There are 2 protein chains.
Amino acid sequence: MAPTRDRILDTTAELFRHHGYTGTGLKQIVAEASAPFGSIYHHFPGGKEQLGGEVIRRSGRMYYELFELIMDQADDFVSGVGDFFAGAAMTLEATDYADACPIATVALEVASTNEPLREATAEVFESWIAGAAERGVAAGLSPERARSVAVEILCLLEGAFIFCRALRTTEALAVAGARAVESVSEALGADGA
Amino acid sequence: MAPTRDRILDTTAELFRHHGYTGTGLKQIVAEASAPFGSIYHHFPGGKEQLGGEVIRRSGRMYYELFELIMDQADDFVSGVGDFFAGAAMTLEATDYADACPIATVALEVASTNEPLREATAEVFESWIAGAAERGVAAGLSPERARSVAVEILCLLEGAFIFCRALRTTEALAVAGARAVESVSEALGADGA
DNA sequence: GTCTATAGAAGGATAGAC
DNA sequence: GTCTATCCTTCTATAGAC
């Protein structure tokens with residue numbers, strides 16, 4: 001069995017994804033992680049806020065690694081973006097519309113209520129934008145265009161997650177994915193790649 | 001002073017927008033609405049869930065009316081969309097990145113945890129998509145293209161709200177707004193309007 | 001360092017006085 | 001129908017036994 005600390009982090013990430021930050025209780029976390037209550041404050045002296053910050057950064061890193069994996073397996077930038085949206089739609093359906101963005105719910109909850117956690121979500125989002133833009137530059141885009149394409153793709157993805165989860169259909173991800181693919185290929189054409 | 005019931009609805013809508021559903025307490029609501037605690041259960045016998053459902057539908061209706069107002073004041077469909085994104089960015093900055101979508105936070109919180117409220121958010125989102133698509137049809141788009149353009153615009157808007165609130169910049173709304181305007185005009189060109 | 005017990009505040013909900 | 005007092009649960013956090 002994984003170390004207690006890791007089990008707590010994994011369980012918390014899962015609960016945050018489905019129930020959000022305020023909707024997840026510490027007692028619920030230790031119960032599902034099969035850990036004694038005291039373990040939380042032993043491993044995370046800063047309490048729920050420290051645990052939350054670590055989970056946000058960790059989930060953000062892991063989700064970005066998934067993005068890199070899919071992009072590396074794809075033939076090119078354009079098809080990689082299409083694969084990512086398609087994979088997101090499949091995951092969403094397979095998990096009964098539960099597993100979308102690991103931190104979006106928490107990000108909205110803390111945006112105006114908890115400054116340290118808001119900063120954690122900002123760091124994650126900024127790293128995603130920078131990482132996706134880097135891939136765009138490698139594919140031939142100018143840095144400026146690569147950044148706006150990255151922002152656009154991520155807006156389409158996050159927005160589609162909201163509609164898909166609420167409406168329980170994958171329509172929005174299909175539309176957003178098609179738009180993302182089209183935008184990327186147009187941008188590559190415009191920057192002469 | 002407005003009737004107690006309306007004050008409760010207004011206050012709850014405001015608190016949901018900033019703190020979300022689980023993050024908003026009934027005691028907090030009556031305190032800010034200057035109402036006695038019993039008023040909640042007098043006007044909303046179904047408790048927090050009934051109140052939440054009414055607030056979601058009401059906020060959704062009001063936000064759509066804002067959309068209609070801006071569209072009616074604009075010269076055409078394309079510039080109306082641009083105005084809406086520009087207005088959203090101004091509001092966001094003016095409210096210290098607090099006032100974005102009135103129901104997105106709640107929608108993500110309840111998507112996998114409260115079926116009646118999930119349905120309320122689904123009804124609102126579906127009405128937004130249908131309403132925006134109707135405007136697209138009136139502007140000359142085919143029904144199919146109008147719907148996908150509507151979904152695309154809304155994904156861009158909701159996604160941009162997440163990034164803007166977390167990063168405390170209006171970059172994402174600017175990028176998303178430009179993309180939305182471009183997509184709408186391209187669609188109108190393709191459908192020969 | 002693992003784990004239990006409990007404190008103290010806040011959560012939703014109810015009963016009933018006026 | 002306005003308003004208060006209170007119930008029970010759950011929350012985060014701490015103290016301290018082992």
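Every value quoted in this text rests on a predicted model; they were computed, and no experiment measured them. Letters A, B, ... mirror the listed sequences (proteins, then strands); counts begin at 1.
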## Note on the structure
Protein-proximity profile, nucleotides 2-15 of chain C, B/S/- by nucleotide at the 4.0 Å heavy-atom cutoff, equals SBBB-----BBBB-
#### Entry: Side-chain heavy-atom pair Leu117(B), Tyr21(B) within 4.5 angstrom cut-off
yes
### Query
Do side-chain atoms of Arg118(B) reach the backbone of Val110(B) as a donor and acceptor pair under 3.5 angstrom?
no
### Message
Any heavy-atom pair between the side chains of Ile162(B) and Glu158(B) that's under 4.5 Å?
### Response
no
### Message
Other residues, nucleotides and ligands only: do more than 12 of their heavy atoms fall within 6.0 Å of CD on Glu134(A)?
### Response
no
### Task
Evaluate the side-chain proximity of Phe16(A) to Leu51(A): yes if any heavy-atom separation is below 4.5 Å, no if none is.
no
### Query
Between Asp76(B) and Arg135(B), does at least one N-O distance fall below 4.0 Å, as a salt bridge requires?
no
### Query
Is a salt bridge present between Arg147(A) and Glu171(B), judged by a nitrogen-to-oxygen distance below 4.0 Å?
yes
### Task
Output the residues of residues 7-20 of chain A in contact with DNA chain D, where contact means a heavy atom of the residue under 4.0 Å from an atom of the strand; sort by number or write none.
none
